[in-house]
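We use all heavy atoms of the structure for the numbers below, so side chains are in, but hydrogens, waters and symmetry mates are not. Protein chains get the first letters and strands the later ones, always in sequence-line order, with residue 1 at the start of each. In this text the structure is predicted, and so the values were computed from the model without any measurement.
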Amino acid sequence: MNYWLIKSEPHTYSFEQMKSDKKTLWDGVRNYQARNFMKEMKKGDIALFYHSGKDRQVVGEVEIVKEHYQDPTTEDSNWVVVDVKYKKTFENPVNLAEIKDRKTLSEMHLVRNSRLSVSAVKKKEYDMIVKMAES
DNA sequence: GCCAACGTTGGC
DNA sequence: GCCAACGTTGGC
């Protein structure tokens with residue numbers, strides 16, 4: 001099983017919205033690196049849900065429930081979506097400053113390339129973030 | 001609100 | 001194929 005991080009501007013699509021929708025298709029990704037990560041996602045994988053903009057924190061988790069398929073919002077076959085399902089809201093969201101403070105997390109795409117909207121997360125990074133969210 | 005980082009476009 | 005110009009994202 002692999003771990004991922006997906007990013008959303010809360011004014012565009014918030015985690016609260018994700019929770020009330022229960023399930024959604026992750027559309028609108030128009031970046032090849034992000035797209036390639038989406039193509040690697042497998043059913044049952046977990047993704048951290050990050051709020052960019054004013055929030056700047058990891059607020060919870062979603063699960064990949066359907067692997068990539070053509071993005072229905074465009075005719076261009078370059079772009080794909082996956083289906084994600086609401087999984088869990090963190091008791092203590094993990095903010096970007098805390099992430100940057102941790103040496104273990106300093107190699108994360110989130111830290112290295114803040115503009116990448118979908119990225120891979122290593123198991124040790126995922127475990128640490130979950131631990132921070134629970135403490 | 002500013003600006004750095006990154007991606008894309010288009011002229012040569 | 002290079003690179004300048006421009007647009008967008010997102011942290012601060």
Side-chain angles (χ1 to χ4, degrees):
Chain A
M1 153 140 96
N2 287 305
Y3 301 94
W4 311 95
L5 183 143
I6 60 176
K7 212 186 278 192
S8 185
E9 166 65 44
H11 291 286
T12 309
Y13 190 84
S14 68
F15 196 55
E16 290 71 31
Q17 187 67 45
M18 178 78 249
K19 186 177 182 179
S20 72
D21 287 349
K22 294 187 176 65
K23 193 183 127 178
T24 194
L25 75 168
W26 206 251
D27 64 7
V29 173
R30 298 290 182 269
N31 170 285
Y32 286 102
Q33 205 184 344
R35 192 276 313 267
N36 291 344
F37 284 132
M38 293 218 294
K39 284 189 168 181
E40 289 176 32
M41 289 178 176
K42 297 290 181 203
K43 194 174 172 182
D45 283 356
I46 302 296
L48 297 167
F49 195 110
Y50 177 81
H51 272 169
S52 61
K54 275 191 175 177
D55 234 30
R56 263 172 275 129
Q57 53 189 2
V58 179
V59 288
E61 295 174 325
V62 295
E63 181 183 336
I64 312 303
V65 289
K66 187 175 179 184
E67 292 171 19
H68 71 93
Y69 56 100
Q70 164 76 37
D71 187 336
T73 65
T74 176
E75 294 292 308
D76 190 340
S77 61
N78 275 322
W79 308 117
V80 300
V81 297
V82 293
D83 285 358
V84 297
K85 185 181 74 178
Y86 169 81
K87 186 175 165 70
K88 186 182 182 181
T89 301
F90 287 155
E91 295 249 338
N92 302 298
V94 182
N95 68 53
L96 184 62
E98 291 175 79
I99 289 170
K100 287 187 163 177
D101 277 346
R102 302 279 180 150
K103 209 170 180 185
T104 319
L105 304 176
S106 63
E107 296 297 313
M108 288 184 74
H109 294 282
L110 180 69
V111 176
R112 288 299 188 87
N113 177 8
S114 61
R115 296 188 52 190
L116 188 59
S117 63
V118 177
S119 61
V121 174
K122 295 190 181 72
K123 185 174 190 331
K124 67 168 186 180
E125 295 165 345
Y126 170 80
D127 287 345
M128 170 156 275
I129 286 172
V130 168
K131 196 174 145 197
M132 289 160 79
E134 286 168 351
S135 61

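- Residue A:L96 is classed as a sugar-phosphate contact, given heavy-atom separations below 4.0 Å to backbone atoms only.
- Think of the region where chain A sits on DNA chain C: with heavy atoms and a 4.0 Å cut, that region ends 5' and 3' at C:dG7 to C:dC12.
- At the heavy-atom level, A:K100 lies under 4.0 Å from the strands shown only through sugar-phosphate atoms.
- Residues satisfying the side chain to side chain contact (heavy atoms under 4.5 Å, CB included) test with A:D76, not counting sequence neighbours, are A:T74, A:N78, A:W79.
- Among residues at least two apart or in separate chains, side-chain hydrogen bond (donor to acceptor under 3.5 Å, both in side chains) pairs with a member in residues 110-123 of chain A are A:E107-A:R112, A:K123-A:D127.
- By the ring-ring contact (aromatic ring centres under 6.0 Å, His included) test, A:Y50 is found to be paired with no residue, residues two or more places apart in sequence or in another chain being considered.
- By the side chain to side chain contact (heavy atoms under 4.5 Å, CB included) test, A:E75 is found to be paired with no residue, residues two or more places apart in sequence or in another chain being considered.
- Qualifying side-chain hydrogen bond (donor to acceptor under 3.5 Å, both in side chains) partners for A:D71, counting only residues two or more places apart in sequence or in other chains: A:R30, A:T73.
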